[in-house]
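The chain is numbered in sequence order, starting from 1.
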Amino acid sequence: MKNKFLYASAFTLAFVLVSCSQSAPQKTTDGLSDTEIEQRIESVMPQLTLEEKVALVHAQSKFSTPGVPRLGVPELWWSDGPHGVRAEFEWDSWLYAKHTNDSITAFPNLTALAATFNPDLAYEYGVALGEECLYRGKHVILGPTININRVPVNGRNFENFGEDPLLAARMAVPYIKGVQSQGVAASVKHFALNNQETDRFGVDVEVSDRALYEIYLPAFKASILEANSWTVMGAYNKYRGEHCCHNHRLLVDILKGEWNYDGVVVSDWGGTHDTKQAAENGLDVEMGSHTNGLSSGRANAYDDYYLAFPLRDSIKAGKIDEKFLDDKVRRVLRLIYRTHYHNNYGKVGNEEHLALGRKVAGEGIVLLQNTDNILPLASDKKMKIAVIGENATRKQCIGGGSSELKARNEISPLQGLQERFPNAEIVYSAGYDAGPSIYGFVMPSRLNADSLKNAAVEAVRDADVVLYFGGLNKNFKQDHEDSDRQTYDLPWGQNELIAELAKVNPNVSVFLFGGNPVAMPWKDSVKSISWVWYLGSETGHAIADVVSGDVCPSGKLPFSIPVRLEDNGAISFGAESYPGVDHKQVYKEDILVGYRWFDTKDIKPLYAFGYGLSYTNFELGNIAANNNGKNITVTASVKNTGAVDGAEVVQIYVGKPNSNIERAKKELRGFQKVAVKKGASANVEINIPVENLAFFNADKHAWEVEPGDYTVYVGTASDDIAQELTISVK
């Protein structure tokens with residue numbers, strides 16, 4: 001494999017020199033202005049041959065697109081994300097290159113980031129990720145993933161920001177701005193309606209325009225109009241009979257039409273299927289064709305890509321207008337100018353990035369239950385702690401598909417606890433074994449399940465406290481690309497194991513890994529439950545911070561946890577709604593996704609969207625709402641009535657009683673996280689533009705605000721409302 005770093009740097013320098021010879025301004029720390037970029041694009045366009053233009057719009061290797069060496073136009077190097085820079089691959093295979101210098105910081109997964117409800121942290125996360133991309137010579141990071149968690153078994157939910165479009169938008173925008181502040185392009189994905197992995201290449205989605213615009217597009221729209229994401233990745237699935245990577249309505253009418261997008265649309269790997277559609281329906285760069293998307297493909301197929309020789313030949317034959325190619329080339333050149341002009345070299349795996357990952361992880365952990373205040377544990381106390389569960393030692397950065405990471409170091413929960421509780425006697429027993437992680441296969445364990453369970457039960461008999469680390473992992477058909485989960489229950493006999501542990505020892509605290517809800521039939525038999533996601537390099541340290549009380553939990557669920565899988569709106573309608581029948585699927589729950597379904601249908605979830613406990617207590621008071629015609633301003637005081645410092649998330653939901661159209665009972669319209677010292681109070685002010693109360697009128701293809709009285713719900717979870725107020729909207 002060629003030395004891409006020297007290769008890219010040489011042509012970057014040449015490109016700078018060629019461009020400067022056109023009397024354009026010199027490079028600045030902040031990059032080129034939009035005017036300068038457009039001037040340089042137009043200076044290069046007339047010099048390009050048809051073959052050179054075609055070369056710019058498709059891959060030359062698994063993760064790079066070519067430049068134009070004759071003119072000094074540099075390559076673009078792309079990397080999987082969204083929560084770290086993936087290890088290097090060989091030039092033309094899906095085998096890792098086995099470099100020794102491509103280890104990175106693994107940041108917490110995006111569902112964990114969403115659970116912080118902290119947009120400021122999302123920006124810091126993006127900046128750090130951009131720095132790691134720069135150090136690794138990457139120009140585009142393939143993230144964030146902002147599809148909505150429609151069903152609780154989607155294999156890639158752990159990459160998303162949860163089930164609510166406002167939360168996803170408010171977390172995605174600063175993430176993208178942070179990444180691109182470093183001169184690295186974000187690639188917001190997967191556009192659009194990519195809400196399951198089952199039949200992901202073939203499923204054809206039918207969804208109402210209201211649900212499309214109100215639920216599935218807002219985070220993408222914000223990523224374009226507010227954050228100006230420099231690239232957008234298409235989805236594998238179909239919408240209205242056309243593949244999303246060259247879907248005229250999504251890419252031409254909405255993205256580049258209604259939103260006036262000037263960036264690059266890149267295919268998902270293997271997401272392109274037709275030359276004419278790809279040329280005319282908005283796709284700009286084709287990656288990974290003639291592959292199955294990830295694990296296999298035809299060698300050296302690049303010239304045969306749909307946007308390669310077939311496009312060139314179609315243009316020469318007059319079957320496709322060259323204007324479509326020129327538009328793509330301008331967009332690619334724009335991306336090159338946006339990403340190759342910075343005075344930064346980046347950094348990777350440094351203490352600042354590790355500390356940030358640890359902070360995000362600590363804020364993202366969600367305390368769901370804490371009977372008798374069993375947590376936190378006194379770190380200086382002599383006690384016997386039984387640590388049970390394979391996830392106490394399993395490396396979670398491995399697996400999951402394209403988001404797999406090669407962490408420089410990954411601290412396990414067991415190691416973190418051993419470091420944090422030096423006076424405790426800590427014993428460990430696996431309890432279960434999930435087997436190895438191999439893409440495309442479910443590999444059974446070679447260990448005896450009964451023996452593992454029996455050993456764990458014996459280990460907890462005389463322990464003062466039991467810390468159980470289980471849940472899901474990134475094996476195939478768990479939290480993994482190209483497969484959905486097959487059951488809502490915990491895998492590998494964990495429900496039975498937890499129940500047995502609780503019979504033997506009453507002091508069981510459960511820590512669940514995963515990006516998807518699970519059934520918890522043992523809930524009432526354990527003392528504590530915490531959701532700990534996939535926390536990356538600093539997993540063990542972050543968990544030990546919370547267990548010891550060094551960090552007071554403040555995470556909130558970014559999705560609802562149903563009691564039963566059938567309680568989920570999409571799944572309640574049967575196979576036609578999920579996973580589809582004969583490649584056809586109808587989103588029958590329409591706009592009632594997640595908590596909107598539970599609230600409107602009066603179905604009680606196990607744990608509600610926005611829910612999360614603390615080691616302290618908060619009271620909301622002095623709640624008021626005012627509407628000045630343009631903005632609704634909600635004010636409240638947050639008092640910390642407990643014994644430790646903490647943080648609370650004030651959540652504002654709005655509903656329209658007696659509406660003339662179908663609506664959810666209430667929808668999240670604003671939130672603010674506030675840190676409050678023990679015994680102190682803090683004030684919050686949350687502004688909600690009245691236009692954000694609009695519904696999408698499909699008949700008029702326009703947003704409308706329905707006049708009348710609205711109910712403003714102020715609380716700390718979708719089912720924990722401190723006060724309801726009424727406002728009038730004209």
Side-chain angles (χ1 to χ4, degrees), residues 377 383-400 407 409-421 424-438 441-480 485 487 489-514 518-522 525-536 539-544 547:
L377 303 179
M383 56 184 160
K384 183 175 182 179
I385 302 175
V387 176
I388 308 297
E390 187 194 42
N391 278 352
T393 58
R394 187 182 184 96
K395 300 294 185 182
Q396 299 289 3
C397 293
I398 299 171
N409 190 25
E410 181 180 348
I411 305 298
S412 71
L414 180 60
Q415 180 182 346
L417 293 168
Q418 289 170 333
E419 293 177 7
R420 190 64 190 84
F421 293 89
E425 177 190 356
I426 298 179
V427 297
Y428 169 68
S429 184
Y432 70 93
D433 180 72
S437 175
I438 300 178
F441 297 92
V442 176
M443 302 299 292
S445 171
R446 296 181 179 180
L447 303 178
N448 184 275
D450 288 336
S451 296
L452 291 172
K453 181 174 71 172
N454 293 338
V457 170
E458 289 304 312
V460 307
R461 287 190 185 279
D462 61 345
D464 296 300
V465 65
V466 179
L467 304 182
Y468 178 85
F469 293 90
L472 308 177
N473 63 26
K474 294 182 183 177
N475 278 9
F476 195 64
K477 295 191 176 180
Q478 295 299 319
D479 282 333
H480 195 289
R485 291 164 58 206
T487 174
D489 287 323
L490 285 175
W492 311 300
Q494 290 182 79
N495 283 342
E496 296 78 9
L497 173 59
I498 295 172
E500 288 297 318
L501 297 176
K503 288 179 182 178
V504 174
N505 192 311
N507 296 317
V508 177
S509 290
V510 174
F511 298 83
L512 295 174
F513 285 73
V518 298
M520 303 182 198
W522 35 262
S525 65
V526 301
K527 287 288 183 68
S528 174
I529 305 172
S530 299
W531 203 280
V532 297
W533 315 107
Y534 301 112
L535 300 180
T539 294
H541 289 152
I543 290 174
V547 172

Going by distance alone, is a donor N or O of one side chain under 3.5 Å from an acceptor N or O of the other, for W522 and N495? yes
Please determine, by modelled atom types, if Q415 and H541 share a side-chain donor-acceptor pair under 3.5 angstrom. no
Which value, rounded to the nearest 0.5 Å, describes the distance between [X] atom [atom1] and [Y] atom [atom2]?
X: L501; Y: I388; atom1: CG; atom2: CD1; value: 6.0 Å
X: E500; Y: S525; atom1: CD; atom2: OG; value: 10.5 Å
X: L472; Y: N391; atom1: CG; atom2: CG; value: 8.5 Å
X: E458; Y: K453; atom1: CD; atom2: NZ; value: 12.5 Å
X: Q418; Y: Y428; atom1: CD; atom2: OH; value: 11.0 Å

By side chain to side chain donor-acceptor pair (under 3.5 Å) - contacts of R485 (at least two apart): none
Sequence neighbours excluded, the answer for ring-ring contact (aromatic ring centres under 6.0 Å, His included) partners of F513 is none
Of all residues at least two apart in sequence or in a different chain, which pass the side-chain contact (heavy atoms from CB on, under 4.5 Å) check with [X]?
X: A424; result: M383, I385, F421, I426
X: K527; result: T371, D372, I374, N507
X: E425; result: K384, V427

What's the shortest heavy-atom distance between [X] and [Y], and which atoms?
X: L452; Y: Y432; result: CD1-C, 3.7 Å
X: H480; Y: G400; result: CD2-N, 3.4 Å
X: G416; Y: I411; result: N-CG2, 4.0 Å
X: S412; Y: A392; result: CB-O, 3.4 Å
X: V526; Y: I529; result: CG2-CG1, 3.8 Å
X: L490; Y: A519; result: CG-O, 4.4 Å

I'd like to know if the side chain of [X] and the backbone of [Y] have a donor-acceptor N/O pair within less than 3.5 Å.
X: N505; Y: V460; result: yes
X: N475; Y: Q478; result: no
X: W531; Y: G514; result: yes
X: D433; Y: E390; result: no

Can you find a pair of side-chain heavy atoms, one from [X] and one from [Y], that are under 4.5 Å apart?
X: T539; Y: P413; answer: yes
X: V387; Y: F511; answer: no
X: E496; Y: P521; answer: no

Aromatic ring centroids of F476 and F441 under 6.0 Å? no
side-chain hydrogen bond (donor to acceptor under 3.5 Å, both in side chains): which pairs involve residues 463-473, sequence neighbours left out? Y468-Q494
Just do the side chain to side chain contact (heavy atoms under 4.5 Å, CB included) check on V532 and L512 with the steps written out, would you? CA-CA 6 Å; V532 297; L512 295 174; 5.8 Å; no
Pair L377, V465 - check side chain to side chain contact (heavy atoms under 4.5 Å, CB included), show working. CA-CA 9 Å; L377 303 179; V465 65; 4.0 Å; yes
